[in-house]
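Comments concern the structure below.
Residue indices begin at 1 and follow the sequence shown. Side chains included, hydrogens not; waters and symmetry mates left out as well; all remaining heavy atoms used.
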Amino acid sequence: MTINQPYPTPMSMPRSLKMAIAGLVFQALANGLVGLLLVGTAGGEDDTAGPLKVIGVVALLWTAVLAVTAALVGRRFRWVRTAVTVVEALTILSGLVALLNGSVPGILGIAIAIGIIRAVNSAEGKSWFTA
């Protein structure tokens, strides 16, 4: 740091973290779409309407969590790396439950979550959040 430069030069965000943000945004959009579809179509009087609405509301709440974590990655708070890791670990657990129930698309969610965890915990990711 020089006299003319009171603050360190801002570090550019690593490409892997940009891809992690894209993955979080994709997850948020997909969860939001599923949540809206479940809440909107579960209006019947049968026994499945209530549980489908609950699942839809949970999906919409999870959408908000994913969107907030995606927005915070660029803020470089140290705790965000841990928060993203926890959120994605829960996403992996959700994907495993989906796989056990026969939903093959759960593999995509697991793969995206693993990629995001690897990105935020890589050397570049760690230096981004600790700089």
task: Measure the spacing between CG of Leu90 and OG of Ser94 and express it to the nearest 0.5 Å.
output: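 If I round to the nearest 0.5 Å, the distance is 9.0 Å.
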task: Measure the OG1-CG distance between Thr91 and Leu96 for me, rounded to the nearest 0.5 Å.
output: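 It comes to 11.0 Å.
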With clusters defined by side-chain heavy atoms of hydrophobic residues (ILVMFWY) lying less than 4.5 Å apart, directly or transitively, does [Y] cluster with [X]?
X: Ile21; Y: Leu108; value: yes
X: Leu93; Y: Val84; value: yes
X: Val104; Y: Leu100; value: no
X: Val97; Y: Ile114; value: no

Would you name the heavy atoms of [X] and [Y] that are closest together and state the gap between them?
X: Ile92; Y: Ala113; answer: CG1-CB, 3.5 Å
X: Ser127; Y: Arg76; answer: O-NH2, 4.5 Å
X: Ala119; Y: Ser16; answer: CB-O, 3.5 Å
X: Val73; Y: Trp128; answer: O-NE1, 3.0 Å
X: Phe77; Y: Phe129; answer: O-CD2, 3.4 Å

May I have the list of side-chain donor-acceptor pairs in residues 56-72 shorter than 3.5 Å, sequence neighbours left out?
| from | atom 1 | to | atom 2 | distance (Å) |
| --- | --- | --- | --- | --- |
| Thr63 | OG1 | Gly32 | N | 2.9 |
| Thr63 | OG1 | Ala59 | O | 2.8 |
| Thr69 | OG1 | Val65 | O | 3.2 |
| Thr69 | OG1 | Leu66 | O | 2.8 |

statement: Residue pairs meeting side-chain hydrogen bond (donor to acceptor under 3.5 Å, both in side chains), one or both in residues 22-31, sequence neighbours left out, come to Gln27-Glu88
query: Taking only residues two or more places apart in sequence or in another chain, which ones pass side-chain hydrogen bond (donor to acceptor under 3.5 Å, both in side chains) with Thr85?
result: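 Partners of Thr85 under the side-chain hydrogen bond (donor to acceptor under 3.5 Å, both in side chains) test: Asn121.
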message: Between Leu29 and Val25, does the side-chain contact (heavy atoms from CB on, under 4.5 Å) criterion hold? Intermediate values first, please.
response: CA-CA 6 Å; Leu29 291 173; Val25 169; 4.0 Å; yes
message: Does any part of the side chain of Ile110, heavy atoms only, come nearer than 4.5 Å to the side chain of Leu99, both counted from C-beta?
response: yes
